[in-house]
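Note that ligands are numbered from 1 as they come in the structure, with each ligand's atoms numbered from 1 the same way.
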Amino acid sequence: MSDERSPVDLRADCGNCFGLCCVALPFAASADFALDKAAGEPCVNLREDFRCGIHARLRERGFPGCTVYDCFGAGQQVSQVVFGGRDWRGSRETARRMFQVFPVVRQLHELLWYLTRALTLLAAAPLHDEIRLALARTEHLVHGDLDPLLELDVPAYRAEVNELLVRASELARAGVPGRRDHRGADLIGARLRGADLRGANLRGSHLIGADLRRADLRLADLTGADLRGADLSGTDLTGALFLTQTQLNAARGDSATRVPAFLARPAHWGASDLPVGRASARPRQGRRPRRR
Ligand code: SF4
């Protein structure tokens with residue numbers, strides 16, 4: 001097994017999926033989705049060929065949430081592997097089981113992604129054998145039969161893997177002096193412009209709409225942090241731990257934002273408004289985060 005990649009494809013391949021995220025998941029009308037939709041009910045915009053009828057206009061039509069969602073490859077895994085290419089329109093029973101297992105496989109694929117990232121952390125080398133075991137166990141579940149997947153206690157399994165990821169994160173951030181602990185913190189709309197958040201624990205923090213412009217988030221643990229609408233213009237995310245493409249896509253940023261090499265700069269981000277020659281300037285150090 002490679003240290004860099006899992007054999008399971010963790011990149012979404014919508015062309016080989018039966019639009020599972022557009023059917024299996026429930027939506028609540030909000031700034032992310034223009035309407036309510038129950039789990040198992042096809043979105044009104046889903047076409048007969050399982051493609052989105054408003055794909056090119058999702059944001060302007062009130063569905064920005066669809067532009068940031070990532071199934072980590074669970075869609076094609078369930079459609080093509082678990083169900084062997086049978087779609088949900090042919091049988092109610094197939095549909096029921098397919099929609100039931102999709103969120104389970106999605107969570108397992110997400111764990112595979114986190115574990116794969118953890119294997120790239122050199123400072124977490126003492127845990128790499130444990131991480132490889134957890135990867136193998138999770139892959140075994142993904143490749144296994146349908147019934148064990150449906151019976152899996154997903155929250156308990158996630159908690160077990162998460163404990164390992166937390167230890168890996170602590171090892172990776174241990175060398176950053178004065179690192180802050182904002183785990184699970186309510187930082188909605190917080191003014192953190194230029195803040196020194198190097199090596200900070202921001203796991204599960206709520207950073208919706210936060211001003212993180214020019215903040216230093218190198219080596220910060222961003223597992224599950226809610227970055228919707230957060231402003232990352234000029235922010236340094238180099239080496240940020242467990243930052244996903246979904247989180248990045250949900251935030252705002254610009255050409256001066258330093259994005260980890262394993263992620264892509266979102267297409268909707270704007271150009272930098274920093275003066276020429278200052279786009280890569282270091283932010284002020286030692287500033288304490290302030291609430292709102
Ligand atoms: S709007 Fe398009 S992408 Fe979003 S759920 Fe509906 S069909 Fe899927």
Within reach of ligand 1, part of Phe33 (heavy-atom separation under 4.0 Å) = neither

message = Taking the side chain as everything from C-beta on, heavy atoms only, tell me whether Arg252 gets closer than 4.5 Å to Leu232.
response = no

query = Taking Ser205 for the side chain and Ala225 for the main chain, is one N or O donor matched with an acceptor at less than 3.5 Å?
reply = no

request  = State the atoms of ligand 1, each with its element, that fall below the 4.0 Å cut-off from a heavy-atom position in Phe27.
outcome  = 5 (S)

Pair listing, side chain to side chain donor-acceptor pair (under 3.5 Å) test, anchored in residues 78-89, at least two apart = none

Stacked cation flag Arg11 on Phe72, 6.0 angstrom / 45 deg = no

ask   = Taking only residues at least two apart or on different chains, which pairs with a member in residues 97-106 satisfy side chain to side chain donor-acceptor pair (under 3.5 Å)?
value = Arg96-Gln100, Arg97-Asp147, Arg106-Glu110

query = Do NZ/NE/NH1/NH2 and the carboxylate oxygens of Glu160 and Arg137 come within less than 4.0 Å?
reply = yes

Please list, one pair per line, the donor and acceptor atoms closer than 3.5 Å that link side chains of residues 20-33 to other protein atoms, with sequence neighbours excluded.
from, atom 1, to, atom 2, distance (Å)
Ser30, OG, Ala28, O, 3.3
Ser30, OG, Asp32, N, 3.1
Ser30, OG, Phe33, N, 3.4
Asp32, OD2, Arg228, NH1, 3.1

remark   = At a cut-off of 2.8 Å, protein N/O/S around atom 2 (Fe) of ligand 1 gives Cys52 SG

